[in-house]
Novice: 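Let me begin by handing over the structure; questions about it come next.
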Amino acid sequence: MGTLNGLSFHSVKGGVGKSTLATWAGLDIARRFPEAHVWLIDMDLTGTSLSDALPLTAPRLSADGRGGLNLRAPATEWLTESETRDGILVRAAVEAPTLPTGVPYLNDFLLFADPSWEADQDAVPGALGWRLEGGPENLRVLPSSALPQDLWRTVPVIFDEEHAAFLEARLELLLAAMCRDAGDADLWVVFDVPPTLPGLSRAVLSLCLRLSRPPGDRTPLAELDPEIPAPLDTLPIRWVAQLVCSMDRQDLRAAKRWADLVITDDLERVRALFNRLEPGDAQRQPAEFLDLLRARLGGAEVLPALWGDELVRVPDAPDLRVFQDDLGPPPQVVIDLMEQLLAPFSERQG
Ligand SMILES: Nc1ncnc2c1ncn2[C@@H]1O[C@H](COP(=O)(O)OP(=O)(O)OP(=O)(O)O)[C@@H](O)[C@H]1O
Ligand SMILES: [Mg+2]
């Protein structure tokens, strides 16, 4: 068995750079550890889908015999870019989907579990992973759907607190299956999480905090079913939750409140990431928030605001500018930031 390493990007305010940072991290980790299995998981089910923001191709899946895609067998081939676009259109044409068609999304795993609820009938991660064109071979992306018909099904669930635990349980099963697939290789999961605290965001944070304790101290999700699915019960797990903050006073205030909700024993595994700092920002912002966050959390990183050629637009995704050109290396400040983000993982390994 390898180890499970998690990095999740959270925020209170929207638009602070979570998707950009998660994408950079997924790419950086996959390039750094070519033997590892690396998953970039798009938990922002209400935001821009990574499938609309990155040059992704969907897995080629067989039919399941009931009019949907067979999500029980891992893909060995991927669609071309134009077949992927067609697949998204096929899915968009179904008005009230109950079965996945065209292309698979994370939504299918979270919501459309097999009606039989038999564990051996569940979707497998290998059927859900999309490939990044020109990206590292060991990186898989699990995009969420931004199609209206999927949102219609998803929104009531993710904003309903009673369903947050259900979603957390589904995520836990997904990670357990990913660990089993990785075998002796290390597994890295990088989560792009929606802004705010409740719902999906809380499900990911809770999963992080429960699983990254030492094996004997890990708490199961439900008292009635006190099982942590193997191998998550015994596997070495390290996970850092990055709280991404902008230099906006309201955001810093809200981030501090967010940090106050995490109990002291867990704060070491939460770090702050001040993104888009402009010269003089650190002086202009009330030191009480910056210092409080730095002092309360496991640490703090800073990424300056990048300009011009450093951030080039991804085709078709004017709002998400990730790469210098295509999938080339990011600017040096980002490479330096990644070193800092990964430091806690090697420290604890030793
Ligand atoms: N350090 C930076 N310097 C300049 N621009 C940045 C920086 N980080 C992110 N951006 C830009 O900020 C915008 C928002 O980033 P991104 O979409 O990653 O935020 P987000 O937190 O995922 O947003 P949402 O909450 O809507 O999902 C993008 O245009 C991105 O290119
Ligand atoms: Mg985002």
Side-chain angles (χ1 to χ4, degrees), residues 7-28 40-56 105-107 132 141-146 151 154-155 158-159 189-205 241-248 250-252 254-255 258 271-282 285 300-341:
L7 201 51
S8 47
F9 292 89
H10 306 256
S11 74
V12 192
K13 189 174 182 285
V16 293
K18 294 175 301 300
S19 300
T20 308
L21 290 160
T23 304
W24 270 329
L27 271 168
D28 183 84
L40 172 58
I41 305 175
D42 176 8
M43 287 298 290
D44 194 354
L45 271 71
T46 57
T48 305
S49 169
L50 287 183
S51 65
D52 295 329
L54 296 173
L56 298 182
Y105 286 114
L106 176 61
N107 309 47
L132 184 59
V141 184
L142 188 32
S144 61
S145 167
L151 280 179
T154 310
V155 169
I158 58 181
F159 288 118
V189 287
V190 179
F191 282 93
D192 179 12
V193 177
T196 76
L197 184 59
L200 282 171
S201 173
R202 202 187 67 176
V204 175
L205 183 68
Q242 292 284 347
L243 174 59
V244 186
C245 316
S246 66
M247 282 299 111
D248 174 281
Q250 289 304 332
D251 187 29
L252 289 170
W258 187 102
R271 299 174 74 89
L273 205 170
F274 302 111
N275 190 21
R276 301 185 82 160
L277 237 75
E278 290 181 24
D281 256 349
Q285 285 311 319
E301 272 79 41
V302 169
L303 181 67
L306 305 172
W307 297 102
D309 291 346
E310 288 181 317
L311 279 172
V312 165
R313 281 160 204 273
V314 174
D316 305 328
D319 294 336
L320 189 75
R321 297 178 297 166
V322 178
F323 308 108
Q324 204 145 16
D325 59 66
D326 296 331
L327 298 176
Q332 189 59 42
V333 279
V334 174
I335 296 173
D336 295 344
L337 173 73
M338 290 304 150
E339 291 277 338
Q340 292 174 42
L341 295 190

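Worth knowing before you read on, the calculation uses all heavy atoms, side chains too, and leaves out hydrogens, waters and symmetry mates. Each ligand, and each atom within it, is numbered from 1 in the order the structure gives. The shown structure was predicted, so the numbers you read here are calculated from the model rather than taken from an experiment.
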Novice: So if I count the atoms of ligand 1 from 1 in the order they appear, which ones are less than 4.0 Å from some heavy atom of Ser19?
Specialist: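 Listed by number with element, the hits are 18 (O), 20 (P), 22 (O).
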Novice: Leu205 versus Phe191: any side-chain heavy-atom pair under 4.5 Å?
Specialist: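 When only atoms from C-beta onward are counted, Phe191 and Leu205 do not touch, as no gap falls below 4.5 Å.
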Novice: Any heavy-atom pair between the side chains of Val244 and Leu21 that's under 4.5 Å?
Specialist: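 Touching, per the 4.5 Å side-chain cut-off.
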Novice: Run the numbers for me: atoms of ligand 1, each under 4.0 Å from some heavy atom of Pro304, listed by number.
Specialist: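 Here the atoms of ligand 1 in question are 1 (N).
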Novice: Counting backbone and side-chain atoms alike, is an N, O or S atom of Ser19 positioned under 2.8 Å from the Mg ion (ligand 2)?
Specialist: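 True for Ser19.
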Novice: Going by heavy atoms, is Gly47 under 4.0 Å from ligand 1?
Specialist: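 Flag not set, Gly47 not near ligand 1.
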Novice: What are the atoms of ligand 1, with element, lying closer than 4.0 Å to any heavy atom of Val16?
Specialist: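 Near Val16, the atoms of ligand 1 are 19 (O), 20 (P), 21 (O).
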Novice: So, regarding Lys13 and ligand 1 (criterion: nitrogen or oxygen to nitrogen or oxygen, under 3.5 Å), is there a contact or not?
Specialist: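 Such a contact does not occur with ligand 1.
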Novice: Please identify which of these residues, Asp42, Asp44, Val204, Ile41, meets the side-chain contact (heavy atoms from CB on, under 4.5 Å) condition with Val193.
Specialist: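 Of the listed options, the one satisfying the test is Val204.
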Novice: Out of all atoms in ligand 1, which are within 4.0 Å of some heavy atom of Asn275? Include the element for each.
Specialist: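 The atoms of ligand 1 under 4.0 Å from a heavy atom of Asn275 are 1 (N), 2 (C), 7 (C), 8 (N), 9 (C).
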Novice: Of all residues at least two apart in sequence or in a different chain, which pass the salt bridge (Lys or Arg N to Asp or Glu O under 4.0 Å) check with Asp251?
Specialist: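 Here no residue qualifies.
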Novice: Just wondering, do Leu243 and Arg271 contact through their side chains at under 4.5 Å, heavy atoms?
Specialist: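 Result no, sub-4.5 Å side-chain heavy-atom pair not found.
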Novice: Could you tell me which atoms of ligand 1, counted from 1 in the order shown, lie closer than 4.0 angstrom to a heavy atom of Leu303?
Specialist: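 In order of number, 1 (N).
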Novice: Quick one: which ligand 1 atoms are inside 4.0 Å of a heavy atom on Pro195?
Specialist: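 What qualifies from ligand 1 is 25 (O).
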Novice: Apply side chain to side chain contact (heavy atoms under 4.5 Å, CB included) to Val141 and Leu50, showing your working.
Specialist: CA-CA 8 Å; Val141 184; Leu50 287 183; 4.1 Å; yes
Novice: Under 4.0 Å from a heavy atom of Thr20: give me the atoms of ligand 1 that qualify, with their elements.
Specialist: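 Taking each heavy atom of Thr20 in turn, ligand 1 has 9 (C), 15 (O), 16 (P), 18 (O), 30 (C) under 4.0 Å.
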Novice: Kindly write out the residues that satisfy side-chain hydrogen bond (donor to acceptor under 3.5 Å, both in side chains) with Asp248, not counting sequence neighbours, or none if the list is empty.
Specialist: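 For Asp248, no residue satisfies side-chain hydrogen bond (donor to acceptor under 3.5 Å, both in side chains) once neighbours in sequence are set aside.
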Novice: Give the numbers and elements of all ligand 1 atoms closer than 4.0 Å to a heavy atom of Asp44.
Specialist: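 Once the distances to Asp44 are compared, the set is 27 (O).
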Novice: Can you find a pair of side-chain heavy atoms, one from Phe9 and one from Val190, that are under 4.5 Å apart?
Specialist: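 A side-chain contact exists here, since the closest heavy-atom pair is under 4.5 Å.
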